[in-house]
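Treat the numbers as computed from the prediction; the structure is a model and nothing was measured.
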Amino acid sequence: MAHYVAPFAAVDIIDKQLVVLQLASAQGRLWVHQWHQQPATQACSQKLHCRALMTVMDHRAVHYQQLSEHQQLHQVRESVHASLGLEHTQLDTLTLDYQHTPLGTQVVSGHCSQVRKKQQQFEVLKCPVSIVEPAFQAVIRATNFLLAEHYSPAQSHALSPEWQILQLAEPLSTLIRCHYGSISALSFHSESDLTSIIGSPLPTFYFGNRNISNRHQFGSQPMLQTLALPSYLQENMSTALGDQLLPLFGCALRGFIKWHH
């Protein structure tokens, strides 16, 4: 059976473990082509069979905002710098990405030094880290893929155009609001805020800290659906890392996008 191996692999450090995930596909089905795991401080002797690496920046290491109008690059920069209160001498310290949507312009920005610091974490792999994306983009990509695991084609047509993804963590959980599978808002919440989120009429997909979900009895809430990787993918990955692998999986899915290579 002919198959296609993603030229790019995803890498991250999870629970002090450096993990690499590269996917392959055939006839619409995915499987793990390469999985590598080792202590993050250990020298690497593993040869990676990929063209380059991708990783994610923590939600709180980037700044997301939505501008009300379609703007060109210089206008986007001016708007971001004004919102962050940056001086003109600080303009080169920021890296940003943006895209136009029906609602305006979505912008993600972060400090260049933080991006470089993230890339340097993986120098032991002796493979370039050419893509660094916000973690929420990887989480949304993984969720869009997993919707097919949770709903039949007939049910998916009845899905609300809006839903939300809740990544449970301490001290702050991350709430990602989506509209037709694209981000519409990003916010951070303490555990005391979760009651109102749980009571939302929107379908909510969640993953992360299980102590939090157990304390709030997520399993008994009809609008809450847990997110988990399919068992056929977990067979070749570390089950000890559990759903912490979801952002890594979403990043690995990006390795198939042709315009990267």
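Summarising the geometry, atom CG belonging to Leu21 is positioned 8.5 Å from atom CE belonging to Met54; distances are rounded to the nearest 0.5 Å. Distance CD/Gln217 to CG/Leu224: 11.5 Å, rounded to 0.5 Å. The line from CG of Leu30 to OG of Ser25 is 6.0 Å long, rounded to the nearest 0.5 Å. We find the CD-NZ distance between Gln42 and Lys16 to be 15.0 Å, quoted to the nearest 0.5 Å. Between the CG atom of Leu175 and the OG atom of Ser200 there is a distance of 8.0 Å, given to the nearest 0.5 Å. Going from atom CZ of Arg77 over to atom OH of Tyr98 covers 9.5 Å, rounded to the nearest 0.5 Å.
Side-chain contact check for Asp243 versus Leu229: every heavy-atom pair is 4.5 Å or farther apart. With a 4.5 Å cut-off on side-chain heavy atoms, Val11 and Leu48 do not count as touching. Residues Ser173 and Leu168 are in side-chain contact: their nearest non-hydrogen atoms beyond the backbone lie under 4.5 Å apart. Residues Phe256 and Leu23 are in side-chain contact: their nearest non-hydrogen atoms beyond the backbone lie under 4.5 Å apart. Here the side chains of Leu166 and Phe205 are not in contact, with every heavy-atom distance at 4.5 Å or above. Two residues are said to be in side-chain contact when any heavy atoms from C-beta on lie closer than 4.5 Å; Phe8 and Ile257 fail this criterion. With contacts defined as side-chain heavy-atom distances shorter than 4.5 Å, the pair Ile176/Gln167 does not qualify. Side-chain contact between Leu186 and Thr174 is present, with heavy atoms from C-beta onward closer than 4.5 Å.
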Could you give me the CA-CA distance, side-chain angles and deciding distance for Thr93 and Cys112, then say whether side-chain contact (heavy atoms from CB on, under 4.5 Å) is met?
-> CA-CA 6 Å; Thr93 66; Cys112 298; 5.7 Å; no
Please report the C-alpha distance between His189 and Ile197 in whole Å, then the side-chain angles of each, then the deciding distance to 0.1 Å, and finally whether the side-chain contact (heavy atoms from CB on, under 4.5 Å) criterion is met.
-> CA-CA 9 Å; His189 301 269; Ile197 296 173; 3.8 Å; yes
Determine, stepwise, if the pair Gln244 / Asp15 fulfils side-chain contact (heavy atoms from CB on, under 4.5 Å).
-> CA-CA 9 Å; Gln244 295 180 82; Asp15 283 351; 3.1 Å; yes
Report the C-alpha separation of Thr204 and Gln225 in whole Å, then their side-chain angles, then the decisive distance to 0.1 Å, and conclude whether the side-chain contact (heavy atoms from CB on, under 4.5 Å) test is met.
-> CA-CA 6 Å; Thr204 301; Gln225 178 80 256; over 6 Å; no
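Applying the salt bridge (Lys or Arg N to Asp or Glu O under 4.0 Å) test to residues at least two apart or on different chains, the pairs with a partner in residues 101-119 are Asp12-Lys118. Every pair passing side-chain hydrogen bond (donor to acceptor under 3.5 Å, both in side chains) that includes a residue from residues 102-112 is listed here, sequence neighbours excluded: Tyr64-Gln106, Gln99-Gln106. The stretch residues 207-216 participates, sequence neighbours left out, in these side-chain hydrogen bond (donor to acceptor under 3.5 Å, both in side chains) pairs: Glu170-Arg215, Glu191-Arg215, Glu191-His216. Identified under the side-chain hydrogen bond (donor to acceptor under 3.5 Å, both in side chains) test for residues 66-75, with sequence neighbours left out: Gln71-Ser79. Listed by first and then second residue, the side-chain hydrogen bond (donor to acceptor under 3.5 Å, both in side chains) pairs involving residues 122-139 are Glu133-Arg141, Glu133-Arg254 (not counting sequence neighbours).
Under the side-chain contact (heavy atoms from CB on, under 4.5 Å) criterion, Ser190 pairs with Leu172, Ser192, Asp193, not counting sequence neighbours. Taking Arg177 as the reference, Glu162 meet the salt bridge (charged side-chain N to carboxylate O under 4.0 Å, His left out) condition, with sequence neighbours excluded. Considering only residues two or more places apart in sequence or on other chains, Val129 meets the side-chain contact (heavy atoms from CB on, under 4.5 Å) condition with Leu53, Thr55, Gln119, Phe122, Val132. Under the side-chain contact (heavy atoms from CB on, under 4.5 Å) criterion, His33 pairs with Val5, Gln22, Ala24, sequence neighbours left out. Every residue was checked against the salt bridge (charged side-chain N to carboxylate O under 4.0 Å, His left out) condition with Glu78, not counting sequence neighbours, and none meets it. Legend: residues meeting ring-ring contact (aromatic ring centres under 6.0 Å, His included) with His36, ordered by chain and number and at least two apart, are absent. Not counting sequence neighbours, the partners of Asn144 by the side-chain contact (heavy atoms from CB on, under 4.5 Å) test are Ile140, Leu147, Trp163.
For the pairing with Thr226, the side chain to side chain contact (heavy atoms under 4.5 Å, CB included) check across Tyr206, Phe218, Phe207 returns one residue only, Tyr206.
His63 and Ser83 get closest at one heavy-atom pair: NE2-OG, 4.4 Å. Considering all non-hydrogen atoms of both residues, Ala52 and Cys127 come closest at CA-SG, 3.9 Å. Residues Leu253 and Ala142 approach most closely at CD1-CA, 4.1 Å, considering heavy atoms. Scanning all heavy atoms of the two residues, the minimum distance from Pro230 to Leu146 falls at CD-CD2, 3.7 Å. Heavy-atom minimum distance, Pro247 versus Ala138: O-CB, 3.3 Å. Scanning both residues, Ser184 and Cys178, for their nearest heavy atoms gives OG-N, 3.8 Å.
Atom CZ of Phe188 is surrounded by more than 12 heavy atoms from other residues, nucleotides or ligands within 6.0 Å.
Within the 3.5 Å criterion, the main-chain N or O of Leu194 finds no donor-acceptor partner in the side chain of Ser196.
A continuous path of ILVMFWY side-chain contacts below 4.5 Å connects Leu84 to Leu67, so both sit in one hydrophobic cluster. Val62 and Val56 are not part of a single hydrophobic cluster, where members link through side-chain heavy atoms under 4.5 Å apart.
Here the two rings, on Phe145 and Phe249, have centers that are under 6.0 Å apart.
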